[in-house]
Amino acid sequence: MRTLIVGSGPTGLLLGAALARRGQRVVSVDRDPGPVGDAWNRRGVMQFEHAHGFRPQVPMALQAEWPEAHGSWTNLGAQPVEAPSSAGSRQVVGMLSRRSTFERALRHAAAKAPGLTLRRGHVEGLAIDGGRVVGARVDGSLVEADLVVDASGRAGRLGRSGTQSGEAALEGDCGLAYIDRTYRLRPGARPGPMVSPLAYMGDFDGYQCLVFLHEAGHFSVVIVRPTADAALKALRFEEAFEAACRAIPALAEWTHPARALPTSAVLVGGALRNVYRRQAGTPGLVAVGDSVATTTPTRGRGIAMACMQVTALLALLDEGADPVTVAEPFGTWCDHAIEPWVADHIAIDGGMVRRWQGEDLDLSIPLTTDLIADAVEADPRIGQHAGGYFAMTALPETLRPAEPLARTAYQDGWRPEYAPGPTRDELVGVILAAVLASGRRARDLTSTAPRQAAELGAR
Ligand SMILES: Cc1cc2nc3c(=O)[nH]c(=O)nc-3n(C[C@H](O)[C@H](O)[C@H](O)COP(=O)(O)OP(=O)(O)OC[C@H]3O[C@@H](n4cnc5c(N)ncnc54)[C@H](O)[C@@H]3O)c2cc1C
């Protein structure tokens, strides 16, 4: 078997290494040259510098399929996080790591993986002969293969041009945008407030804050704003972001200069979409990872879903599926195990954005899973249905039986409490005051928040 993988991101490398361990000759092509010493200007993968949390599916897949990469990751400092399981033993619930550290570890291990060749190049399109994919055009030349894997990520276009319709089966704007910055704890400083062993997450009136702890004291602070909220766009200015951090109590603790120092500029994320794409149905081609599904990043599901896909695809091949047509049973598995997460995110995000805009819950329609799960605070019986959903070991629909309990709580007037901190309007005041005090000119602001800028006296 000659396998050509388009994309040497997390999905392409994990699958490539696992296939090479099974004796296949694998070439993984990526236009990105990889790290050069400490520098890695990862163009085309905007999330490379953004905050990432790693669910347990990621270290589990590496340990099972590519232990050298797991070793390389921990050698670079990634820290497993353990918590007691219901059986009383301890289990890994995630890994503390920056995304860049994770990808470096994979690239490092891939360079030494027997049977896996990394090639730099731009894949321009698929080569199709007699109705099946027989390779791809890489920098003007044909590279023949028995199986082409589209692991080209959310921005890749390759397999999509080979699809019958080219359309996504499910698609929706997440309705939110990321602004984040990385920091590092000073030597000996303790992390700030957390709501889980991996992260802090706070819902505020009109926005959301996250802190992901990474390895060796590195951490990322994320402020999530509705895309439609133009005034909060000003968070992209460093003085605004820092003023917001000072005004939001949990972030103030994390980012206090006595505790931590920034290690990056303020990073602005690109457009975020929930997307599910079916397999193209062309023999010789299979799509995996973000090229199949992307979801709102706030719940840190992307790489876990990619690992779940790789594991399922390998299981099909191990059971004897023909690699040339494996996309068919794999697509059926994705429709069952991946698509529901995308549908779930589309429903959750729509509701969250409406609530951020001041709407109350609409109790005349089915409650979204986030609302059902949130109501565990009001009715602890919901917890017995929620464990698999939170861990992604059970599909979102497994929360549905708890809906009547949650509905009763909401009908009785219960609502999740906001985390302590400024409302959205107060936050706009804080950040615009900081921007104007910095001497930035009004025209920098007026495109984002003309009314507020005028109220604050921008000239
Ligand atoms: C802002 C943000 C935050 C996120 N946070 C989390 C998180 O906390 N936890 C989590 O699990 N997931 C998170 N995700 C999702 C996660 O980053 C993705 O699921 C992950 O990158 C998917 O890996 P991939 O290998 O499928 O795709 P990618 O990482 O996009 O890799 C695709 C590769 O293909 C290459 N490529 C594309 N087209 C071509 C071509 N034509 N020729 C050659 N090479 C090509 C690209 O250069 C790239 O290297 C986040 C995503 C975003 C956007």
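We count residues from 1, following the sequence as given. What you see is a predicted model; the values in this text were computed from it and never measured. In listed order, ligands and their atoms are each counted from 1.
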Q: Whether R184 and E215 form a salt bridge (side-chain N of Lys/Arg under 4.0 Å from carboxylate O of Asp/Glu) is what I want to check.
A: no

Q: In terms of residue, atom name and distance, what is the protein heavy atom nearest to atom 42 (N) of ligand 1?
A: V123 N, 2.9 Å

Q: Relative to each other, are the rings of W333 and F330 parallel, tilted or perpendicular (30° and 60° limits)?
A: parallel

Q: Is the contact between V45 and ligand 1 made by the side chain, the backbone, both, or neither, using heavy atoms and a 4.0 Å cut-off?
A: side chain

Q: For L235 and I223, which heavy atoms make the closest approach, and how far apart are they?
A: CD1-CG2, 3.7 Å

Q: Could you identify the single nearest non-hydrogen protein atom to atom 31 (O) of ligand 1 and state the distance to 0.1 Å?
A: G9 CA, 3.7 Å

Q: At a non-hydrogen distance cut-off of under 4.0 Å, which region of R42 contacts ligand 1 (side chain, backbone, both, or neither)?
A: side chain

Q: Which ligand 1 atoms, with their elements, are less than 4.0 angstrom from a heavy-atom of R99?
A: 16 (C), 17 (O), 20 (C), 21 (O), 29 (O)

Q: Quick one: does G121 get a heavy atom under 4.0 Å from ligand 1?
A: yes

Q: In terms of the angle between their ring planes, are F54 and W73 parallel, tilted or perpendicular, with boundaries placed at 30° and 60°?
A: perpendicular

Q: Is any side-chain N of the basic residue among R181 and E242 closer than 4.0 Å to the acidic one's carboxylate O?
A: yes

Q: Kindly identify the option in H52, R301, E103 whose heavy atom sits closest to atom 6 (C) of ligand 1.
A: H52

Q: With a 4.0 Å cut-off, would you call D32 and R120 a salt bridge?
A: no

Q: Near M46, which atoms of ligand 1 are under 4.0 Å from a heavy atom of that residue?
A: 53 (C)

Q: Can a donor-acceptor pair be found between the side chains of S220 and D180 at a distance below 3.5 Å?
A: no

Q: Assess whether a salt bridge exists between E68 and R21, defined as any Lys/Arg side-chain N lying under 4.0 Å from an Asp/Glu carboxylate O.
A: yes

Q: Counting non-hydrogen protein atoms only, what is the nearest one to atom 37 (C) of ligand 1? Give residue, atom name and distance.
A: S152 O, 3.2 Å

Q: Among all protein heavy atoms in this structure, tell me which lies nearest to atom 11 (O) of ligand 1, with the distance rounded to 0.1 Å.
A: I303 N, 2.8 Å

Q: Please say whether the positively charged group of R225, taken as NZ for Lys or CZ for Arg, lies over the ring of F241, i.e. under 6.0 angstrom from the six-membered ring centre and within 45 degrees of the axis.
A: no

Q: Non-hydrogen atoms of M305 versus ligand 1: any pair closer than 4.0 Å?
A: no

Q: Check whether any side-chain heavy atom of E124 sits under 4.5 Å from a side-chain heavy atom of V138, and report yes or no.
A: no

Q: Taking both backbone and side-chain atoms of V6, is any N or O found less than 3.5 Å from an N or O belonging to ligand 1?
A: no

Q: Give a yes or no on whether a salt bridge exists between R42 and E103, defined as a side-chain N under 4.0 angstrom from a carboxylate O.
A: yes

Q: If the cut-off is 4.0 Å to any non-hydrogen atom of L272, which atoms of ligand 1 fall inside it?
A: 53 (C)

Q: Check contact between G44 and ligand 1, using heavy atoms of the residue and a distance below 4.0 angstrom.
A: no

Q: Please state which protein non-hydrogen atom is closest to atom 4 (C) of ligand 1 and give its distance, to 0.1 Å?
A: P297 CB, 3.3 Å

Q: If you measure from atom 19 (O) of ligand 1 to every heavy atom of D30, V222, D290, V292, which option wins on shortest distance?
A: D290

Q: For the pair R2 and D146, find out whether any cationic side-chain nitrogen is under 4.0 Å from an anionic carboxylate oxygen.
A: yes

Q: Is there a heavy atom of R43 sitting under 4.0 angstrom from any atom of ligand 1?
A: no

Q: Please work out which of R120, Q47, Q57 has its closest non-hydrogen atom nearest to atom 51 (C) of ligand 1.
A: Q47

Q: How close does the nearest protein non-hydrogen atom get to atom 15 (C) of ligand 1, and which residue and atom is it?
A: G302 CA, 3.8 Å

Q: Measuring from the heavy atoms of A51, does anything fall under 4.0 Å of ligand 1?
A: yes

Q: Using a 4.0 Å cut-off to any heavy atom of G53, which atoms of ligand 1 qualify?
A: 7 (C), 8 (O), 9 (N), 10 (C), 11 (O)

Q: Determine, for D139 against R31, whether the closest basic-nitrogen to carboxylate-oxygen distance falls under 4.0 angstrom.
A: no

Q: Checking T296 against N274: is there a side-chain donor and acceptor pair closer than 3.5 Å?
A: yes

Q: Can you check which of G289, C307, P10, G7 brings a heavy atom nearest to atom 34 (O) of ligand 1?
A: G7

Q: Tell me which part of A151 gets within contact of ligand 1: side chain, backbone, both or neither, using heavy atoms under 4.0 Å.
A: backbone

Q: Should W356 and M352 count as side-chain neighbours, where that means a heavy-atom distance under 4.5 Å?
A: yes

Q: Got the closest protein heavy atom to atom 27 (O) of ligand 1, with its distance?
A: G153 CA, 3.4 Å

Q: Judged by modelled atom types alone, do Y276 and D335 share a side-chain donor-acceptor pair under 3.5 Å?
A: yes

Q: Determine, considering heavy atoms only, which of V288, T11, T294 sits nearest to atom 24 (P) of ligand 1.
A: T11

Q: For atom 44 (N) of ligand 1, what is the nearest protein heavy atom, given as residue, atom name and distance?
A: R31 N, 3.3 Å

Q: Going by heavy atoms, is A306 under 4.0 Å from ligand 1?
A: no

